[in-house]
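Written out below as structure tokens is the structure these notes cover.
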Amino acid sequence: MQLEPPYGGTAPYDLETREALERDAKEIIARYPKARSALLPMLHLVQSVDGHITQRGIDLCADLLGITAAQVTGVATFYTQYKRKPVGEYHVGVCINTLCAVMGGDQIWAELSEHVGVGHDEATPDGTVSLERIECNAACDFAPVMTVNWEFFDDMTPEKAKALVDDLRAGREVAPSRGPQRVCTWKDASRVLAGFPDGRAHEGVQAGPQSLRGLEVARDNGWAAPPVPAGPVDAEPPTPDEVTDPPPNEPGKPIGGSVKPGSQEGRNQ
């Protein structure tokens with residue numbers, strides 16, 4: 001698919017879509033004391049409409065947050081959950097980091113990529129499935145692990161991985177190892193990440209037996225966390241009136257405003 005530089009999606013949103021995006025964006029912005037803090041969920045919001053980060057989505061975020069398109073682009077290109085080109089309706093991630101790789105993740109990736117006929121961050125011609133090599137899915141106790149639209153599929157093998165993708169491409173409903181009873185689409189998952197729950201957070205298994213093993217060992221042995229020491233803490237966090245609101249910082253220039261020594265803002269200076 002050929003995209004208009006740099007991201008495609010340069011045509012303005014139609015009026016109905018723009019109004020819906022602005023309505024949802026204002027709800028997101030209202031959750032934060034500073035509007036620009038809403039950028040991450042707002043990027044997920046535009047991705048839930050366009051399927052990836054488009055130029056018009058970047059421009060919308062910049063307009064509503066009062067920052068530059070360059071600042072939005074810097075964030076959108078830093079985090080790998082924001083895609084710069086279309087992905088499949090079901091985005092499949094294969095963890096190839098250390099433990100998953102040792103347990104077979106590299107073999108799963110090699111066989112699955114050959115089976116589907118696409119590589120890293122590539123989608124099938126019908127747009128149903130895309131693949132990604134994931135550096136870590138943060139689920140090492142279930143290695144090797146895969147995800148579909150960020151839902152977990154544990155203890156995978158090459159055969160299970162290929163069968164899973166075949167089911168997705170055939171339109172059959174699949175259920176993750178933990179979490180909801182079925183996998184939603186990529187756009188629906190992006191909307192959830194934008195902060196609009198689909199009401200399915202408590203479906204299915206929340207924590208598998210491997211994750212709970214340490215808790216079981218502690219209970220069997222009567223172990224408990226040490227008590228919290230009494231008395232004042234060493235350092236109190238700064239109060240809102242002790243931290244000023246600096247203007248947006250430009251690269252290569254010092255951060256403006258006065259801050260309490262020892263705060264994160266002070267260390268950044």
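The cationic atom of R169 (NZ for Lys, CZ for Arg) does not lie both less than 6.0 Å from the six-membered ring centre of Y90 and within 45° of the ring axis. Judged by the 6.0 Å and 45° rule, R191 forms a cation-pi pair with F196.
Under the ring-ring contact (aromatic ring centres under 6.0 Å, His included) criterion, Y82 pairs with H44, sequence neighbours left out. Listed by chain and number, the residues in a salt bridge (Lys or Arg N to Asp or Glu O under 4.0 Å) with R172 are D167 (sequence neighbours excluded).
With no hydrogens or angles considered, no side-chain donor-acceptor pair links D59 and Y13 at under 3.5 Å.
Both M42 and L40 are part of a single hydrophobic cluster, where members link through side-chain heavy atoms under 4.5 Å apart. A continuous path of Ile, Leu, Val, Met, Phe, Trp and Tyr side chains, each step under 4.5 Å between heavy atoms, connects V148 with V165, placing both in one hydrophobic cluster.
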Exercise. List the steps and the verdict of salt bridge (charged side-chain N to carboxylate O under 4.0 Å, His left out) for R84 and D121.
Key: CA-CA 10 Å; R84 296 185 237 177; D121 264 352; over 6 Å; no
Self-check item: Audit row: R23, E27, salt bridge (charged side-chain N to carboxylate O under 4.0 Å, His left out) steps and yes/no
Solution: CA-CA 7 Å; R23 182 171 57 251; E27 182 177 335; over 6 Å; no
Exercise. Start with the C-alpha distance between D220 and V217, add both sets of side-chain angles, then the distance that settles side chain to side chain contact (heavy atoms under 4.5 Å, CB included), and finish with yes or no.
Key: CA-CA 5 Å; D220 291 343; V217 170; 5.6 Å; no
Practice problem: Output, in order, the C-alpha distance, side-chain angles, deciding distance and verdict of salt bridge (charged side-chain N to carboxylate O under 4.0 Å, His left out) for E203 and R200. | Solution: CA-CA 6 Å; E203 290 181 3; R200 303 173 58 214; 3.4 Å; yes
Quiz item: Where do C61 and L43 land on the side chain to side chain contact (heavy atoms under 4.5 Å, CB included) test, with the steps shown first?
Solution: CA-CA 7 Å; C61 291; L43 285 169; 4.1 Å; yes
Self-check item: Criterion side chain to side chain contact (heavy atoms under 4.5 Å, CB included) on V94 and I134, from CA distance to verdict
Solution: CA-CA 5 Å; V94 180; I134 302 288; 6.0 Å; no
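No more than 12 heavy atoms of other residues, nucleotides or ligands sit less than 6.0 Å from atom CD of E16. Atom CD of E114 sits in a sparse spot, with 12 or fewer heavy atoms from other residues, nucleotides or ligands closer than 6.0 Å. Heavy-atom neighbours of R219 CZ from other residues, nucleotides or ligands within 6.0 Å: at or below the threshold of 12.
Of the possible polar contacts, one joining the K187 side chain to the V49 backbone as a donor-acceptor pair under 3.5 Å is found. Distance alone, capped at 3.5 Å, places no donor-acceptor pair between the T185 side chain and the E89 backbone. Judged by distance alone, with hydrogens and angles left aside, the side-chain atoms of W186 form no donor-acceptor pair with the main-chain N or O of V87 at under 3.5 Å. Between the R31 side chain and the G195 main chain, a donor and an acceptor come within less than 3.5 Å of each other. Looking only at distances, a side-chain donor or acceptor of Q47 sits under 3.5 Å from a matching main-chain atom of K83. The closest donor-acceptor contact from the side chain of D50 to the backbone of H52 lies at 3.5 Å or more, if one exists at all.
Closest of all the heavy-atom pairs between A69 and A62 is N-CB, 3.8 Å. A pairwise comparison of heavy atoms in C184 and N149 identifies O-ND2, 2.7 Å as the closest pair. The two residues A123 and V118 come nearest to each other via the heavy atoms O-CG1, 3.5 Å.
Rounded to the nearest 0.5 Å, atoms CD (Q107) and CD1 (I96) are 14.0 Å apart. Taken from NZ in K160 to CG in L112, the straight-line distance is 13.5 Å, to the nearest 0.5 Å. To the nearest 0.5 Å, the span separating SG on C100 from CH2 on W109 amounts to 14.0 Å.
Results of the side-chain contact (heavy atoms from CB on, under 4.5 Å) test with I108 over S113, P158, C95 single out P158 as the only residue that passes.
Taking the six-membered ring where tryptophan is involved, the planes of H91 and W150 are perpendicular, since the angle between them exceeds 60° and thus also 30°.
We find that E216 and R213 are joined by a salt bridge, their nearest charged nitrogen and carboxylate oxygen being less than 4.0 Å apart. In this structure, R178 pairs ionically with D154, as a charged nitrogen and a carboxylate oxygen lie closer than 4.0 Å.
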